[in-house]
Colleague: 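Submitted below is the structure of interest, expressed as structure tokens.
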Amino acid sequence: MLYISRSLISADHPEMNAIARTALERNSQCGVTGFLYYDDDTFLQVLEGMPEDVDEIYAGIRRDGRHENVRMLDEAPAEKRMFGGWAMGLHDGSEGGGLLPRVVRANIARSAGSRDAPALVRFLNDLSLGRHDVRLMAAGGV
């Protein structure tokens, strides 16, 4: 499952540590893996696991008051996990104005859907592999 939301807290807010701790504990307990990109405006997260576990976590995410405009961009079965080594990998993209250009964030928030999911998942995968030089470019709608 891939979703995006508008962050209501800054990337350096102490609540980011609470988000990381909670996600790590909760995901480890139910076998969910994933990766979370955040900056001062955006959360972009992929979750992998059994559908009922992912759905339960996503329901909690939707109720979380630290963000708004939560939009599921894609939900589909996968042959294998891309983020299996991460109970919850994190990337703070707030330095230098974030890795997601504002025009991309605005476009995603307004109109992204499953057609954009592969590029966004590749973006998160590149970050999870330590490619900090990666930038998601506005192409094909994203």
Side-chain angles (χ1 to χ4, degrees), residues 1-78 81-142:
M1 174 185 294
L2 177 68
Y3 80 88
I4 192 166
S5 64
R6 182 176 171 278
S7 176
L8 297 176
I9 60 174
S10 65
D12 62 354
H13 193 283
E15 280 296 305
M16 287 308 300
N17 289 329
I19 290 170
R21 268 193 318 276
T22 300
L24 182 61
E25 291 170 12
R26 178 193 61 216
N27 294 2
S28 294
Q29 290 173 357
C30 61
V32 169
T33 56
F35 199 83
L36 172 65
Y37 165 87
Y38 62 93
D39 58 33
D40 289 332
D41 299 316
T42 306
F43 288 111
L44 178 64
Q45 184 174 24
V46 64
L47 297 168
E48 303 170 314
M50 296 302 294
E52 58 274 9
D53 295 326
V54 171
D55 289 345
E56 183 178 328
I57 289 171
Y58 183 64
I61 287 168
R62 290 187 54 84
R63 291 188 300 269
D64 192 317
R66 294 172 289 198
H67 62 164
E68 64 184 8
N69 300 330
V70 181
R71 288 195 50 225
M72 184 188 309
L73 300 177
D74 195 29
E75 182 178 37
R81 293 180 189 230
M82 290 183 73
F83 303 93
W86 298 95
M88 183 45 56
L90 300 167
H91 184 85
D92 178 355
S94 62
E95 279 190 32
L99 295 174
L100 288 173
R102 288 198 187 283
V103 66
V104 172
R105 285 195 296 264
N107 194 30
I108 291 170
R110 184 175 55 254
S111 64
S114 61
R115 74 186 189 322
D116 301 310
L120 293 168
V121 171
R122 278 192 306 276
F123 169 75
L124 293 174
N125 189 50
D126 284 349
L127 291 175
S128 78
L129 296 172
R131 292 198 49 211
H132 299 289
D133 62 331
V134 67
R135 262 199 191 277
L136 183 64
M137 294 298 162
V142 173

Colleague: Looking at Glu48 and Met82, would you say the former's side chain and the latter's main chain have a donor-acceptor pair under 3.5 Å?
Modeller: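 Yes, because the side chain of Glu48 sits within donor-acceptor range (under 3.5 Å) of the backbone of Met82.
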
Colleague: May I ask you to decide if Ile61's main-chain N or O and His67's side chain share a donor-acceptor pair within less than 3.5 Å?
Modeller: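 A pair under 3.5 Å: yes.
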
Colleague: When rounded to the nearest 0.5 angstrom, what distance separates CD in Glu75 from CG in Leu47?
Modeller: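 Going from CD on Glu75 over to CG on Leu47, the span is 10.0 Å.
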
Colleague: With a 3.5 Å distance limit and no angle check, can you tell me whether Arg26 reaches the backbone of Ile57 through a side-chain donor-acceptor pair?
Modeller: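 Such a contact is absent between Arg26 side chain and Ile57 backbone.
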
Colleague: Using only atom types and a distance under 3.5 Å, with no angle test, would you say the side chain of Asp40 pairs donor to acceptor with the backbone of Ala11?
Modeller: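 Side chain of Asp40 to backbone of Ala11: a pair is present.
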
Colleague: Give me the atom names and distance for the closest heavy-atom approach of Thr33 to Gly84.
Modeller: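 The pair with the smallest heavy-atom distance is CG2-O, 3.7 Å.
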
Colleague: May I ask you to decide if the ring planes of Phe43 and Tyr38 are parallel, tilted or perpendicular, using 30° and 60° as cut-offs?
Modeller: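 Ring orientation of Phe43 relative to Tyr38: tilted.
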
Colleague: Indicate yes or no for a side-chain donor-acceptor contact from Tyr58 to the backbone of Met72 under 3.5 Å, with no hydrogens or angles considered.
Modeller: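 Answer holds: yes.
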
Colleague: Does Leu73 reach the side chain of Leu44, with side-chain heavy atoms less than 4.5 Å apart?
Modeller: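 Yes, close enough: below the 4.5 Å cut-off.
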
Colleague: Once you round to the nearest 0.5 Å, how far does CZ of Arg66 lie from CZ of Arg6?
Modeller: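 These two atoms lie 15.5 Å from each other.
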
Colleague: When rounded to the nearest 0.5 angstrom, what is the spacing between OH in Tyr37 and CD in Gln45?
Modeller: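 Going from OH on Tyr37 over to CD on Gln45, the span is 14.0 Å.
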
Colleague: Checking Glu68 side chain against Leu8 main chain: does a donor-acceptor pair fall under 3.5 Å?
Modeller: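 Flag not set: sc Glu68 to bb Leu8 has no pair under 3.5 Å.
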
Colleague: To the closest 0.5 Å, what do you measure between CD1 (Ile9) and CG (Asp41)?
Modeller: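 Result: 12.0 Å between the selected atoms.
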
Colleague: Take Leu2 and Leu124 through the side-chain contact (heavy atoms from CB on, under 4.5 Å) test and state the conclusion after the steps.
Modeller: CA-CA 10 Å; Leu2 177 68; Leu124 293 174; 3.9 Å; yes

Colleague: Please round to the nearest 0.5 Å and tell me the distance separating atom CZ of Phe83 and atom OG of Ser128.
Modeller: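 One gets 5.0 Å once the value is rounded to the nearest 0.5 Å.
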
Colleague: About how many Å separate NE2 of His91 and CG of Asp126, when rounded to the nearest 0.5 Å?
Modeller: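 If we round to the nearest 0.5 Å, Asp126:CG and His91:NE2 are 11.0 Å apart.
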
Colleague: Hey, mind stepping through Ile19 and Leu90 against side-chain contact (heavy atoms from CB on, under 4.5 Å) and telling me if it holds?
Modeller: CA-CA 10 Å; Ile19 290 170; Leu90 300 167; 5.6 Å; no

